[in-house]
Amino acid sequence: MATLTKAVTIIGSGPAGLTAGLYSARANLNPLVIEGLEAGGQLMLTTAVDNFPGFADGIMGPDLMAAMRAQAERFGAEIIRGNVTAVDLSSRPFVITTGDDRIETQTLIVATGATAKLLGLPSERALMGHGVSTCATCDGFFFRDKPIAVIGGGDSALEEAIFLTRFASHVTLVHRRDTLRASKIMQDKAMANPKITFEWDTEVVEVLDPSRGAVNGVVLRNLKTEARKTLAVDGVFVAIGHTPNTGLFSGQLETDAGGYLLTHDGSRTSVEGVFACGDVQDHVYRQAITAAGSGCMAALDAERYLESIHPPPTTSSPS
Ligand code: NAP
């Protein structure tokens with residue numbers, strides 16, 4: 001097992017991690033970016049991205065991530081594929097273990113993201129980015145005047161359903177119970193919206209039609225009556241929550257009640273020298289551009305921290 005010694009190590013290679021890599025590389029910190037098994041993050045699951053500034057005609061999610069990766073590498077970021085198996089933040093340097101390497105690092109930037117929960121259907125996975133989405137802000141625009149379904153009964157599902165009525169001809173909210181988890185105000189808004197109807201006590205058993213490579217319906221099952229029916233829709237938005245990817249830091253970094261890493265004074269976590277950016281510390285905005293912005297913050301915070309522990313030698317002028 002090889003031992004690497006680094007000033008800055010970044011775990012995660014979505015917009016937050018790669019932007020942190022770009023900025024730390026440009027600060028001559030020779031950062032190491034550990035890509036992880038889901039290299040590129042959630043944008044690898046999307047098709048066209050039309051809301052990332054600078055791309056007037058939009059860009060495909062995987063192409064955007066390839067460009068960010070190339071840009072970070074151009075300035076010297078070292079990017080390795082690897083699954084981090086352990087992180088020890090109890091003393092400095094911090095120690096990160098992957099299958100092949102042991103990395104000793106003075107600072108750590110955590111950009112491990114969050115994973116949208118999915119229903120777990122093979123047809124849902126097959127049509128992800130081709131009519132199935134986990135982000136209304138990103139993909140709602142593609143469903144102008146088309147019927148869609150939103151799955152879930154929490155605030156996210158209702159917020160997405162209400163947002164999507166700007167584009168869709170109709171939104172069917174499919175929820176597995178007959179009461180919503182969402183706040184009363186969101187419930188009132190959704191129920192008052194003439195474009196939203198509800199399928200209660202219902203689950204999606206299949207998304208149609210993987211053989212066409214596009215969504216044209218969902219098969220629904222009523223959990224009380226067992227009755228099945230097909231609902232014709234062009235899009236399916238799964239909004240059943242997210243899980244922040246923080247398992248490696250459990251017991252080492254402070255989190256909120258939902259498991260998201262807590263940050264203060266920019267990107268600082270509860271351990272000095274450890275910074276967090278992107279969706280692993282943000283359950284509110286969750287956008288590629290906000291993740292990239294917070295990656296920049298983490299890199300600048302890490303750079304300033306390194307300067308504070310190893311100040312550059314001062315040159316005294318001869319008297
Ligand atoms: P959430 O509150 O955990 O709700 C998840 C919903 O998905 C629940 O209705 C749940 O059903 C359903 N669900 C979970 N797993 C499912 C499955 N396998 N199949 C079908 N349905 C499933 O998640 P969230 O809506 O993402 O909200 C997360 C947090 O962010 C909450 O605290 C929320 O208040 C907050 N938030 C706030 C706002 C806002 O204030 N504007 C907007 C978004 C989110 P059950 O109800 O049956 O468990």
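Computed from heavy atoms alone, side chains included, the values below leave out hydrogens, waters and symmetry copies. Ligands are counted one by one from 1 in listed order, and the atoms in each one are counted from 1 as well.
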Would you mind listing which atoms of ligand 1 come within a distance below 4.0 Å of any non-hydrogen atom of [X]?
{"X": "Gly241", "answer": "23 (O), 26 (O)"}
{"X": "Arg177", "answer": "45 (P), 46 (O), 47 (O)"}
{"X": "Leu119", "answer": "19 (N)"}

His175 side chain to Thr202 side chain, donor-acceptor N/O pair below 3.5 angstrom:
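Looking only at side-chain atoms, Thr202 and His175 do not form any donor-acceptor pair under 3.5 Å.
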Asp301-Ser267 side chain donor-acceptor pair, cut-off 3.5 Å:
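The answer is yes; a qualifying pair exists.
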Protein non-hydrogen atom below 4.0 angstrom of atom 28 (C) of ligand 1 present
no
Atom 20 (C) of ligand 1: any protein heavy atom closer than 4.0 Å:
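Within 4.0 Å: yes, protein heavy atom nearby.
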Using heavy-atom distances, let me know which of [options] sits nearest [atom].
{"atom": "atom 39 (C) of ligand 1", "options": "Glu159, His175, Arg181, Glu160", "answer": "Glu159"}
{"atom": "atom 24 (P) of ligand 1", "options": "Gly154, Ser156, Gly120", "answer": "Ser156"}
{"atom": "atom 5 (C) of ligand 1", "options": "Leu118, Ile240, Val284, Ile185", "answer": "Ile240"}

Quick test: of every protein heavy atom, which one is nearest to [atom], and how far off is it to 0.1 Å?
{"atom": "atom 9 (O) of ligand 1", "result": "Gly153 N, 3.0 Å"}
{"atom": "atom 33 (C) of ligand 1", "result": "Asp155 OD2, 3.5 Å"}
{"atom": "atom 30 (O) of ligand 1", "result": "His283 ND1, 4.6 Å"}
{"atom": "atom 17 (C) of ligand 1", "result": "Arg176 NH1, 3.4 Å"}

Name of the residue among Lys6, His310, Arg92 meeting side chain to side chain contact (heavy atoms under 4.5 Å, CB included) with Gln106
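It is His310; the other options fail the test.
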Salt bridge Glu203-Arg176, side-chain N to carboxylate O under 4.0 Å:
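No, this pair does not count.
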N-O pairing of Arg286 and Asp279 below 4.0 Å
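Salt bridge absent between Arg286 and Asp279.
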Quiz item: cation-pi between Arg144 and Phe167, 6.0 Å / 45°:
no
Given 3.5 Å as the limit, does a donor-acceptor pair link the side chain of Thr19 with the main chain of Ala16, or not?
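Not a single qualifying donor-acceptor pair exists.
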Ring centres under 6.0 angstrom apart (Phe143, Phe237):
yes
